[in-house]
Amino acid sequence: MTNYLIEKYYRTERLPHIWCPGCGNGIVLKAIVKAIDNLNLNQNEVCVVSGIGCSSRATGYLDFNTVHTTHGRALAFATGIKFANPKLHVVVITGDGDCAAIGGNHLIHAARRNIDITTIVFNNNIYGMTGGQYSPTTPTGDKGTTAPYGNIDPNFDLCELAKSAGATYVSRSTVYGVNMITKQVEEGIKNKGFSFIEILTTCPTYYGRKNKKGNAAEMIKQLNEITINVNAYNNLPQEKRENKIVIGELYKDIREEYTEKYDRLIKSF
Amino acid sequence: MKALDDKKLIVEENLCKGCGICVAFCPKNVLKIKNGKVLVHDIDSCIQCGLCELRCPDYAIYLGGK
Ligand SMILES: Cc1ncc(C[n+]2csc(CCOP(=O)(O)OP(=O)(O)O)c2C)c(N)n1
Ligand code: SF4
Ligand code: SF4
Ligand code: SF4
């Protein structure tokens with residue numbers, strides 16, 4: 001059944017997956033798997049770790065080493081896994097709630113340490129799994145079950161957060177530009193250090209319905225309209241930059257990786 | 001289903017959730033939704049661009065080998 005990538009890297013007996021009709025998660029997940037395939041990584045040397053949420057269910061469908069952990073703690077588990085076995089390629093799949101609300105603390109410290117983990121946030125602007133509560137990335141004014149009159153919180157720019165905390169590869173893409181996701185995940189995995197990739201994706205069931213965003217396909221097209229590539233953005237005059245979300249590779253740095261640093265310390269005795 | 005030049009458009013009906021994303025992104029109106037599932041109603045217009053496969057969240061439509 002179905003195509004090469006699915007056949008090779010998915011636990012096909014578990015399909016169809018539980019995600020709602022038109023949920024962007026399935027699109028993002030295949031783009032990630034394609035990156036792993038392009039890099040020719042040994043399937044048994046990849047470990048994918050997730051927290052809790054609709055997006056975090058992804059690990060259940062993948063045929064790598066996979067760990068489905070507790071809410072917000074994927075990065076804590078992933079840190080342990082990377083430390084115990086530094087040759088593994090460790091990839092974290094997390095949601096905006098999982099990563100930035102309950103898991104925000106783990107995020108900043110993993111970034112600060114520059115541990116070689118590729119963190120991929122499926123940002124659908126809402127808590128999907130629990131019924132549409134607003135998250136740290138729900139745009140100000142948008143609605144959720146817990147914000148029936150509109151969210152009054154300022155929303156987090158997760159890429160700025162990761163960059164400030166010390167990540168050495170930071171990028172953003174959307175479920176509209178599927179091939180950009182693949183390219184960024186490849187770069188993120190190749191980076192020897194903490195990589196942070198934010199993917200704007202769609203939850204038609206809650207975020208879409210509560211905010212009257214239209215059907216699944218329309219929501220995907222809107223992501224194209226509200227975003228702009230970083231190169232084009234840099235050429236825009238200041239007054240035209242407002243309300244645009246920047247996509248592309250946003251930040252790169254070179255800094256010693258955490259497990260290598262630890263190794264160096266141990267070898268010095 | 002009709003075999004095309006080099007690839008074949010394959011639908012896995014049991015995986016399709018009828019979301020309509022493939023229909024909306026197909027540039028040639030090859031597809032439509034019928035009874036909650038995708039239907040290939042004009043295979044002759046298909047240009048094998050793969051956009052349906054690229055964004056199908058359920059891996060239910062793809063261009064396969066002959
Ligand atoms: C300790 C703990 N607190 C709260 C919950 C309930 N809970 C499950 S998933 C979730 C939020 C998920 O949102 P997000 O990470 O954005 O993922 P999505 O479902 O949108 O993909 C919450 C609050 C939980 N499982 N565990
Ligand atoms: S609730 Fe939203 S995020 Fe969860 S599976 Fe459904 S569409 Fe996807
Ligand atoms: S995109 Fe996939 S799941 Fe959605 S209607 Fe088309 S074939 Fe079915
Ligand atoms: S391959 Fe392209 S033209 Fe053919 S059905 Fe898919 S989207 Fe339409």
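What you see is a predicted model, and the numbers here were worked out from it, not measured in a lab. Just so it is clear: chains get the letters A, B, ... in the order the sequence lines come, proteins before strands, and each one is counted from 1.
- Taking 4.0 Å as the cut-off between side-chain N and carboxylate O, E198(A) and R172(A) count as a salt-bridged pair.
- With a 4.5 Å cut-off on non-hydrogen atoms, V175(A) touches chain B through its backbone but not through its side chain.
- The residues K221(A) and E225(A) are annotated as not salt-bridged, no charged nitrogen and carboxylate oxygen being separated by less than 4.0 angstrom.
- In summary, R14(A) and D63(A) do not engage in a salt bridge, as defined by a charged side-chain N under 4.0 Å from a carboxylate O.
- Contact annotation for C16(B): neither backbone nor side-chain heavy atoms come within less than 4.5 Å of a heavy atom of chain A.
- Contacts of Y10(A) with chain B are made by side-chain atoms alone, with heavy-atom separations under 4.5 Å and no backbone atom involved.
- Between F64(A) and Y9(A), the ring planes are parallel. Angles under 30° get that label, and only those over 60° would be called perpendicular.
- When K34(A), K30(A), E218(A) are compared by the number of non-hydrogen pairs under 4.5 Å with chain B, K30(A) comes out ahead.
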